[in-house]
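All heavy atoms count here, side chains included; hydrogens, waters and symmetry mates do not.
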Amino acid sequence: MFYSFIRGLVRVLLLLLNGRADFQNRQALPSQANYILVAPHRTWWDPLYMALGASPKKFAFMAKEELFKNPILRFILVHCNAFPVDRDKPGPSAVKTPIKLLKNTDLSLVMFPSGTRHSSELKGGMALIAKMAKVPIVPCVYQGPVTFKGLLARKKVVTRFGDPIDISDIKKMDKAGLAEVERRIQSAFDALDQEIDPNFTYHAK
């Protein structure tokens, strides 16, 4: 109930701030199964647009554990299905928690393979979670303002979803296996960016 309330509130706020976003190719999203929704991390509000675009599906989120130290923020995060992760020393729970959620609940997962904004390096944790939970990886990309000033100026926001990526054929998540997962995901990101705007170039702020 709280998640749905927050999602509705965020939808109204972003509509007031930036206008109606363009969500493309939503039909590619699995309707009957959980999945991991992944994207290059370009601004702090791109996960909001990802979750809104994939609605009515509900999601869990990884968040750095420092955010949970504030009791008010902790309450909001927990009730929005976020769970803490130590980014410097991620323990077994960083993999076990999302796997349990994907297997035992109706929640899908939003992840950024690069881990942080301004990075294009893909991480292996997402591939391992997808493999062990036996769920597809759904790529998407955000194109739009990366500064709050740009958001207020109502620069167009586009979020495009891609076809699910099946990695069940990759037998081992060793160096070669992870490299193949990264290749498939990066290729999907590049293709989605081209489909939205062939002239698009991401500039970190």
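Hydrophobic cluster membership is shared by Phe189 and Ile165, with clusters built from Ile, Leu, Val, Met, Phe, Trp and Tyr side chains linked at under 4.5 angstrom. Linking ILVMFWY side-chain heavy atoms closer than 4.5 Å, directly or via other members, places Leu77 and Phe61 in two distinct hydrophobic clusters. A continuous path of Ile, Leu, Val, Met, Phe, Trp and Tyr side chains, each step under 4.5 Å between heavy atoms, connects Ile6 with Phe75, placing both in one hydrophobic cluster. In the hydrophobic clustering of this structure, Ile99 groups with Val181; members are Ile, Leu, Val, Met, Phe, Trp, Tyr whose side-chain heavy atoms approach within less than 4.5 Å, directly or through other members. Tracing side-chain contacts under 4.5 Å through hydrophobic residues (I, L, V, M, F, W, Y), one never reaches Val78 starting from Val85; they form parts of separate clusters.
With rounding to the nearest 0.5 angstrom, the NZ atom of Lys103 is 6.5 Å from the CE atom of Met132. Atom CZ of residue Phe161 and atom CG of residue Asn25 lie 9.0 Å apart, to the nearest 0.5 angstrom. Expressed to the nearest 0.5 Å, how far CD of Gln27 lies from CG of Asp163 amounts to 8.5 Å. Atom OG1 in Thr105 sits 11.0 Å away from atom NZ in Lys58 (nearest 0.5 Å). Rounding to the nearest 0.5 angstrom, the gap separating the CG atom in Leu151 from the CG atom in Leu14 is 6.5 Å.
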### Message
Show, in sequence, the C-alpha distance, side-chain angles and deciding distance for Phe23 and Val158, and conclude whether the side-chain contact (heavy atoms from CB on, under 4.5 Å) test is met.
### Response
CA-CA 6 Å; Phe23 297 113; Val158 180; over 6 Å; no
#### Entry: Stepwise side-chain contact (heavy atoms from CB on, under 4.5 Å) check, Thr159 with Gln24
CA-CA 6 Å; Thr159 301; Gln24 299 181 354; over 6 Å; no
### Query
Hey, mind stepping through Arg74 and Lys69 against side-chain contact (heavy atoms from CB on, under 4.5 Å) and telling me if it holds?
CA-CA 7 Å; Arg74 177 186 178 87; Lys69 293 180 179 179; over 6 Å; no
### Message
Please evaluate residues Phe68 and Leu73 with respect to the criterion side-chain contact (heavy atoms from CB on, under 4.5 Å), reporting the C-alpha separation (whole Å), side-chain torsions for both, the decisive distance (0.1 Å), and the verdict.
### Response
CA-CA 6 Å; Phe68 289 79; Leu73 188 55; over 6 Å; no
#### Entry: Trace of the side-chain hydrogen bond (donor to acceptor under 3.5 Å, both in side chains) decision for Gln186 with Asp190
CA-CA 6 Å; Gln186 189 60 57; Asp190 293 341; 3.0 Å; yes
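Looking at Thr43, its side chain never comes within 3.5 Å of a backbone N or O of Asp46 through a donor-acceptor pair. Listed for the Gln143 side chain is a donor-acceptor partner under 3.5 Å among the backbone atoms of Asp193. Asn104 places no side-chain N or O within 3.5 Å of a backbone atom of Leu101 that could act as its donor or acceptor partner. Without hydrogens or angle criteria, Arg26 side chain to Gly53 main chain gives a donor-acceptor distance under 3.5 Å.
Considering only heavy atoms from C-beta on, Val157 stays 4.5 Å or farther from Arg20 through its side chain. Inter-residue side-chain proximity for Leu102 and Tyr35 is flagged as unmet; no heavy-atom pair is nearer than 4.5 Å. For the pair Met126 and Ile185, the minimum side-chain heavy-atom distance is below 4.5 Å. Side chains of Ile170 and Arg184 form a contact here, defined as non-hydrogen atoms less than 4.5 Å apart. Side-chain atoms of Tyr142 and Met50, non-hydrogen and from C-beta on, never get closer than 4.5 Å to each other. Looking at Met173 and Ile167, their side chains come closer than 4.5 Å, going by heavy atoms from C-beta outward.
The minimum heavy-atom distance linking Phe112 with Pro40 is given by the pair CD2-C, 4.1 Å. Closest approach of Tyr49 to Ala21, counting heavy atoms only: CE2-CB, 3.6 Å. For the pair Pro145 and Asn18, the tightest heavy-atom approach, listed with the atom from each and the gap, is CG-ND2, 4.2 Å. Closest of all the heavy-atom pairs between Phe2 and Cys80 is CE2-SG, 4.0 Å. Taking both residues in full, the closest heavy atoms of Leu192 and Cys140 are given as CD1-CA, 3.7 Å, listed atom of the first, atom of the second, then distance.
Asp166 has no carboxylate O lying under 4.0 Å from a charged side-chain N of Lys131, or vice versa, which leaves the two without a salt bridge. Salt-bridge formation is not detected for the pair Lys156/Asp197: no Lys NZ or Arg NE/NH1/NH2 atom is positioned less than 4.0 Å from an Asp or Glu carboxylate oxygen. By the 4.0 Å N-to-carboxylate-O rule, Glu180 lies close enough to Arg183 to be salt-bridged with it.
With respect to Met111, the side-chain contact (heavy atoms from CB on, under 4.5 Å) criterion is satisfied by exactly one of Ile137, Ile129, Leu37: Ile129.
Under 3.5 Å, the side chains of Asn34 and Lys57 contain a donor-acceptor pair of N or O atoms.
Counting heavy atoms of neighbouring residues, nucleotides and ligands inside a 6.0 Å radius, atom CZ of Phe148 does not exceed 12 of them. At most 12 non-hydrogen atoms from other residues, nucleotides or ligands lie less than 6.0 angstrom from CD1 of Ile72.
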